[in-house]
Amino acid sequence: QVQLVESGGGLVQAGGSLRLSCAASGRTSSSYAMGWFRQAPGKEREFVAAIKWIGGSRYNEDSVKGRFTISRDNAKNTYLQMNSLKPEDTAVYYCAASRRLVVPTYQEDYDYWGQGTQVTVSS
């Protein structure tokens, strides 16, 4: 079993920055794609970004591309750098791992999930 734990969330003013971290344990693999999703109250869970060693990175271009950057330093740690935050970025952010060959953007394609970390952006 793979366990994922997010950290780095908090309260920030609009225009500020946060760096989320995802620490993985268990049967992790560098071949897994790592993704970030978010869910605001009353809304569906939304794809934010994903990364794979072979396959590159993908972003939700409609909402976060140009402001958020996903990265990883090994099979254990994945990060989401969030800049120029907006109130609409307020959500619970989830880290997830996928065994798909391509970089997936749908939550159904992910096999392991963290418990989430709250990000609140005040106006």
Side-chain angles (χ1 to χ4, degrees):
Q1 184 69 272
V2 174
Q3 291 184 306
L4 305 174
V5 180
E6 304 94 337
S7 62
L11 175 64
V12 64
Q13 293 184 352
S17 299
L18 284 174
R19 182 178 173 86
L20 305 183
S21 298
C22 176
S25 61
R27 288 185 169 85
T28 59
S29 173
S30 61
S31 66
Y32 289 0
M34 300 298 299
W36 288 95
F37 289 77
R38 67 185 184 184
Q39 188 167 24
K43 295 186 178 181
E44 297 294 321
R45 190 166 297 185
E46 177 187 43
F47 169 74
V48 176
I51 189 170
K52 192 175 175 67
W53 290 119
I54 301 176
S57 303
R58 297 186 68 179
Y59 296 89
N60 185 335
E61 297 183 4
D62 293 333
S63 58
V64 304
K65 189 174 183 179
R67 300 187 298 120
F68 292 6
T69 302
I70 188 170
S71 63
R72 65 193 301 180
D73 54 14
N74 50 42
K76 303 294 185 181
N77 300 301
T78 306
Y79 308 96
L80 184 69
Q81 178 66 47
M82 306 187 295
N83 299 323
S84 302
L85 284 164
K86 305 174 181 179
E88 50 262 45
D89 294 319
T90 295
V92 176
Y93 283 71
Y94 297 91
C95 175
S98 174
R99 295 175 291 179
R100 295 280 183 171
L101 296 178
V102 299
V103 182
T105 60
Y106 297 99
Q107 61 179 331
E108 292 81 6
D109 293 328
Y110 285 81
D111 304 290
Y112 310 102
W113 292 84
Q115 294 299 308
T117 185
Q118 177 70 50
V119 172
T120 303
V121 184
S122 62
S123 60

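Since we're looking at a predicted model, the values are computed, not measured.
Using a distance-only test at 3.5 Å, with no hydrogens or angles considered, no donor-acceptor pair links the side chain of K52 to the main chain of V102. Not one N or O on the side chain of D109 forms a donor-acceptor pair closer than 3.5 Å with the backbone of P104. A donor-acceptor pair under 3.5 Å is formed between the side chain of T90 and the backbone N or O of V121. Remark: side-chain polar atoms of Y59 are paired, donor with acceptor, to backbone N or O of I70 under 3.5 angstrom. Although no hydrogens or angles enter the test, the distance criterion places a donor-acceptor pair under 3.5 Å between the side chain of N60 and the main chain of F47.
Put simply, CH2 on W36 and CE on M82 are 8.0 Å apart, with the number rounded to the nearest 0.5 Å. One finds the CZ atom of F68 at 7.5 Å from the OG atom of S63 (value rounded to the nearest 0.5 Å). For the atom pair E6 CD and W113 CH2, the distance stands at 9.5 Å (nearest 0.5 Å). Between the CD atom of Q3 and the CD atom of Q1 there is a distance of 7.0 Å, given to the nearest 0.5 Å. Note that OH of Y110 and CG of L4 are 11.5 Å apart. Values are rounded to the nearest 0.5 Å. Note that CG of L20 and OG of S7 are 8.0 Å apart. Values are rounded to the nearest 0.5 Å.
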Q: Evaluate the criterion side chain to side chain contact (heavy atoms under 4.5 Å, CB included) for residue pair R100 and Y32; output intermediate values, then yes/no.
A: CA-CA 7 Å; R100 295 280 183 171; Y32 289 0; over 6 Å; no

Q. Passes side chain to side chain contact (heavy atoms under 4.5 Å, CB included), L80 versus V48? Steps please.
A. CA-CA 9 Å; L80 184 69; V48 176; 4.1 Å; yes

**Q.** Full working for side chain to side chain contact (heavy atoms under 4.5 Å, CB included) between R67 and K86
**A.** CA-CA 10 Å; R67 300 187 298 120; K86 305 174 181 179; 3.9 Å; yes

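One side chain, N83 or S17, offers a donor N or O that lies under 3.5 Å from an acceptor on the other. Side chains of T28 and K76: a donor on one and an acceptor on the other come within 3.5 Å.
Y94 places none of its side-chain heavy atoms less than 4.5 Å from the side chain of Q115.
The 12-atom threshold is not exceeded at CZ of R99, counting heavy atoms of other residues, nucleotides or ligands nearer than 6.0 Å.
Residue pairs meeting the salt bridge (Lys or Arg N to Asp or Glu O under 4.0 Å) criterion with at least one member in residues 112-123: none, sequence neighbours excluded.
Here the shortest heavy-atom pairing between A14 and S123 reads CB-CA, 4.4 Å. Residues A91 and Q118 share a closest heavy-atom pair of O-NE2, 3.4 Å. The heavy-atom pair separating S122 from L11 by the smallest distance is CB-CD1, 4.4 Å.
Put simply, V12 and Y93 are part of the same group of oily side chains (I, L, V, M, F, W, Y) that touch within less than 4.5 Å, one to the next.
The residues R38 and D89 are annotated as salt-bridged, a charged nitrogen and a carboxylate oxygen being separated by less than 4.0 angstrom.
Residues meeting the side-chain contact (heavy atoms from CB on, under 4.5 Å) test with R72, sequence neighbours left out: M34, I51, W53, T78.
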